[in-house]
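All remarks here apply to the structure that follows.
All values below were derived from every heavy atom in this structure, side-chain atoms included, with hydrogens, water molecules and symmetry-related copies excluded. Each ligand, and each atom within it, is numbered from 1 in the order the structure gives.
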Amino acid sequence: MATLRLSSLVAFLALCSTTLPTSFGSGPPAPFIVPVQRVVNSSTSGHNLVKAGQARFEVFNRIQTRTKGFAASAAPSTSLTDQIVTFTINSVVDGKNFSLIVDTGSSNTWVGANPANRLTPPVSLDLLEVTYGSGAVLGQETDKTVNVTPDVAVESQSIGEAITSVGFDGVDGIMGFGPVGLTEGTLLLDPIATIPTVMDNLFSQGTIPSETLGVFFAPTTEDNPINGELSFGGVDTSKATGPMSFFQSTLPFWAISQSATFGDTTIMNLTTCVVDTGTTLVMLPDDTFTAYQDLTGGTLDATTGLLSISPAQLDSLQTLSFIGTDVNGETQHFDLTPNAQLFPRAFNTEIGGSADDIFLIVASSGSTAVSEVGCIMGQTFLQRTYSAFVTPSGDPSGAGTVGFATTPFTDATTN
Ligand SMILES: *[C@@H]1O[C@H](CO)[C@@H](O)[C@H](O)[C@H]1NC(C)=O
Ligand SMILES: *[C@@H]1O[C@H](CO)[C@@H](O)[C@H](O)[C@H]1NC(C)=O
Ligand SMILES: *[C@@H]1O[C@H](CO)[C@@H](O)[C@H](O)[C@H]1NC(C)=O
């Protein structure tokens, strides 16, 4: 079903070429594009991308456990502190501009992380609390009109207004693009309530034709360029170099079943992987990581926590492929070339390395236990692959699909 709907959408988008309508007033629902800003935190100390990824992994597994009814209290959502790079979009609420982290791994939208950029004190009695990998927000939940572009407004969007938050320096909050179920447990006075997401409301208000978010990130070595885009309501085929393949997602996240090979060697059997714009690295189960380390010959760098390889080991680096069965029953793979497995050298010094180090973007989730969530496909994967997150239209709490397609950056040698 999703495939059928998407193929007509794809045909429509192909007609629209690269400049999709960003304004449609009261016209029919149409996809629209919003630029994504890449914010680089060039603090030269204190980043620990591996720890940040592991903290995120732990929160995902806590949510998974909670969803199964084993634990009642863990607050959902995750994120995003301690990253070198965050992807943000600008939104306007009550005439104020907010730079919000694009997060497919959580579903609440909130503003006000920066005390100097808050709305007037809210009066709602709905207290909101979300804890993240290493940050948290406490706020109040109120209905607002949220402009995702100057021309596109989401009416009556329930958002959080921070009273206090920790771990969100340099941004104003989060726009959550995860499934709506992840909002359960975030309203303190109504812990079983869910909060319709921005995507849910865009669809239910007839603004977009399909509850689809397309994500295009590009690797770059420059600081802070606007070099990515979100496509609301459909896939922007102009950014893809191949067809989209869709994989069934498993709730409560955007998570798909994948195996992985390095060269000819299978290093990961089928594992649930969260597709997460809020994690920098590719986090693999510990035994898979050990196999990857052995095959690459890399050594763990004490300062950065990343695998470090020599120029000779770089020469023999193999392709890391993620493999899954798509919704049509076909086996598909999406690859990280040797170049795509390299941490951008321009940022080496910002994580405490030196300019000529060669670091890899694959890290261990830290978990040896069999866990429901085994891996995270983070930004370093998503910069090489167009991704789409499709909620079943009219069934926002249902399990959707995650789509991938190759881009010009899949094989690029930009690092
Ligand atoms: C940058 O990263 C450092 C280390 O993780 C963190 O302490 C700091 O708050 C971050 N700053 C911004 C503006 O994000
Ligand atoms: C928000 O920021 C954008 C980009 O910096 C700017 O063009 C726009 O005028 C700002 N809008 C408001 C309401 O401040
Ligand atoms: C995958 O599963 C098979 C069968 O259980 C097992 O023999 C193999 O060691 C597993 N491979 C990895 C990489 O875990």
Side-chain angles (χ1 to χ4, degrees), residues 49-51 53-65 68 105 245-251 253-276 279-301 305-309 313-343 358-382 384-385 387 402 404 406 410:
L49 299 173
V50 177
K51 275 215 180 89
Q54 289 176 347
R56 191 117 168 129
F57 181 84
E58 273 167 31
V59 175
F60 285 147
N61 272 300
R62 209 162 70 217
I63 295 166
Q64 183 74 47
T65 307
K68 295 255 154 101
S245 299
F246 289 90
F247 302 92
Q248 184 61 53
S249 172
T250 37
L251 293 173
F253 310 105
W254 293 119
I256 59 178
S257 188
Q258 298 278 289
S259 60
T261 57
F262 182 79
D264 294 332
T265 310
T266 298
I267 57 171
M268 184 173 80
N269 283 327
L270 281 180
T271 299
T272 300
C273 295
V274 176
V275 185
D276 183 21
T279 299
T280 301
L281 302 174
V282 170
M283 309 294 295
L284 297 178
D286 197 60
D287 58 340
T288 299
F289 175 75
T290 302
Y292 179 83
Q293 179 174 2
D294 288 349
L295 291 165
T296 58
T299 51
L300 274 180
D301 177 71
L306 297 177
L307 276 182
S308 167
I309 58 171
Q313 288 164 337
L314 172 58
D315 287 342
S316 54
L317 207 58
Q318 306 286 302
T319 295
L320 174 63
S321 299
F322 286 89
I323 303 160
T325 304
D326 71 11
V327 293
N328 299 319
E330 309 277 344
T331 302
Q332 305 288 355
H333 63 95
F334 287 89
D335 298 342
L336 292 174
T337 64
N339 185 267
Q341 292 165 60
L342 305 185
F343 186 79
I358 309 171
F359 295 126
L360 301 176
I361 50 88
V362 172
S364 168
S365 65
S367 169
T368 46
V370 177
S371 49
E372 296 272 351
V373 174
C375 83
I376 302 175
M377 300 159 88
Q379 295 163 4
T380 40
F381 176 83
L382 298 170
R384 303 294 185 148
T385 309
S387 55
V402 176
F404 292 140
T406 55
T410 302

Identify all N/O pairs between ligand 3 and the protein with a separation under 3.5 Å and present them as a table of atom names and distances.
unit_1: ligand 3; atom_1: 2 (O); unit_2: N269; atom_2: ND2; d: 2.3
unit_1: ligand 3; atom_1: 11 (N); unit_2: N269; atom_2: ND2; d: 2.9
unit_1: ligand 3; atom_1: 14 (O); unit_2: N269; atom_2: ND2; d: 3.3

*Note, D276 side chain near F253 side chain (heavy atom, < 4.5 Å)*: no
*What residues form a ring-ring contact (aromatic ring centres under 6.0 Å, His included) with F262, not counting sequence neighbours?*
Y292
_Can you classify the ring geometry of F247 versus F404 as parallel (below 30°), tilted (30 to 60°) or perpendicular (above 60°)?_
tilted
*Sub-3.5 Å donor-acceptor pair from the side chain of T380 to the main-chain atoms of T280, do we have one?*
yes
*Could you tell me whether the side chain of Q332 and the main chain of G324 form a donor-acceptor pair under 3.5 Å?*
no
_Strictly distance-based, threshold 3.5 Å: is any side-chain N or O of N61 a donor or acceptor partner for the main-chain N or O of V373?_
yes
